[in-house]
Participant: 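Pasting in a structure now, in structure tokens, and then I'll have a few things to ask.
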Amino acid sequence: MRRAGNIFEQESYRGAGIRAVSGVTLTMIVCSVLSVLAAIGIIANFGAVTARIAIFMANTLSSGFPILVVVIAAVYFVVRLKWKLRRSFWGW
């Protein structure tokens, strides 16, 4: 039976030859090639990429999104603190 839990372990249940390339190895090769191509594209168009990032961040910061994130985080921490205090009080 095949072991589970580690996607990078050797998969020795396959035979020899080209079919011995595991799914993990194939996925790593494809992701590596895509990463190299993306890096080359970013380096080749560095000015355009940084301009797009700057425009995106300016639009995001000028909207109310950061304020919404801060309000949601504050509400989450207050609710979490109240829940912890309630549990610790009844756990005595």
Side-chain angles (χ1 to χ4, degrees):
M1 190 167 117
R2 211 172 109 196
R3 292 177 291 173
N6 183 3
I7 64 169
F8 295 106
E9 69 186 12
Q10 294 289 2
E11 295 178 358
S12 59
Y13 61 94
R14 294 186 178 197
I18 191 69
R19 294 187 335 188
V21 176
S22 68
V24 174
T25 304
L26 185 62
T27 303
M28 286 177 54
I29 291 170
V30 169
C31 289
S32 298
V33 169
L34 289 176
S35 296
V36 168
L37 290 175
I40 291 171
I42 289 173
I43 292 170
N45 300 316
F46 188 73
V49 171
T50 54
R52 285 185 183 177
I53 292 171
I55 291 170
F56 172 75
M57 288 307 296
N59 288 337
T60 303
L61 292 175
S62 65
S63 68
F65 184 71
I67 296 171
L68 179 66
V69 169
V70 169
V71 168
I72 289 173
V75 168
Y76 170 75
F77 285 121
V78 167
V79 169
R80 186 173 163 204
L81 179 65
K82 284 186 178 184
W83 179 254
K84 277 187 176 182
L85 289 175
R86 186 182 324 168
R87 284 183 56 196
S88 65
F89 176 77
W90 291 112
W92 286 17

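Any value given below was found using the heavy atoms of this structure, including those in side chains, with hydrogens, waters and symmetry copies removed.
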Participant: Tell me whether Leu61 at atom CG has more than 12 heavy atoms from other residues, nucleotides or ligands lying less than 6.0 Å away.
Facilitator: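 More than 12 heavy atoms, drawn from other residues, nucleotides or ligands, come within 6.0 Å of this atom.
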
Participant: When rounded to the nearest 0.5 angstrom, what distance separates CD1 in Ile55 from OG1 in Thr50?
Facilitator: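 Nearest 0.5 Å value for the CD1-OG1 distance: 9.5 Å.
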
Participant: Taking Val75 as the fixed residue, which of Ile72, Val78, Val79 is the one that meets the side-chain contact (heavy atoms from CB on, under 4.5 Å) rule?
Facilitator: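 That would be Val79.
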
Participant: Find the distance between CG (Leu37) and OG (Ser32) and round it off to the nearest 0.5 Å.
Facilitator: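 The CG atom of Leu37 sits 11.0 Å away from the OG atom of Ser32.
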
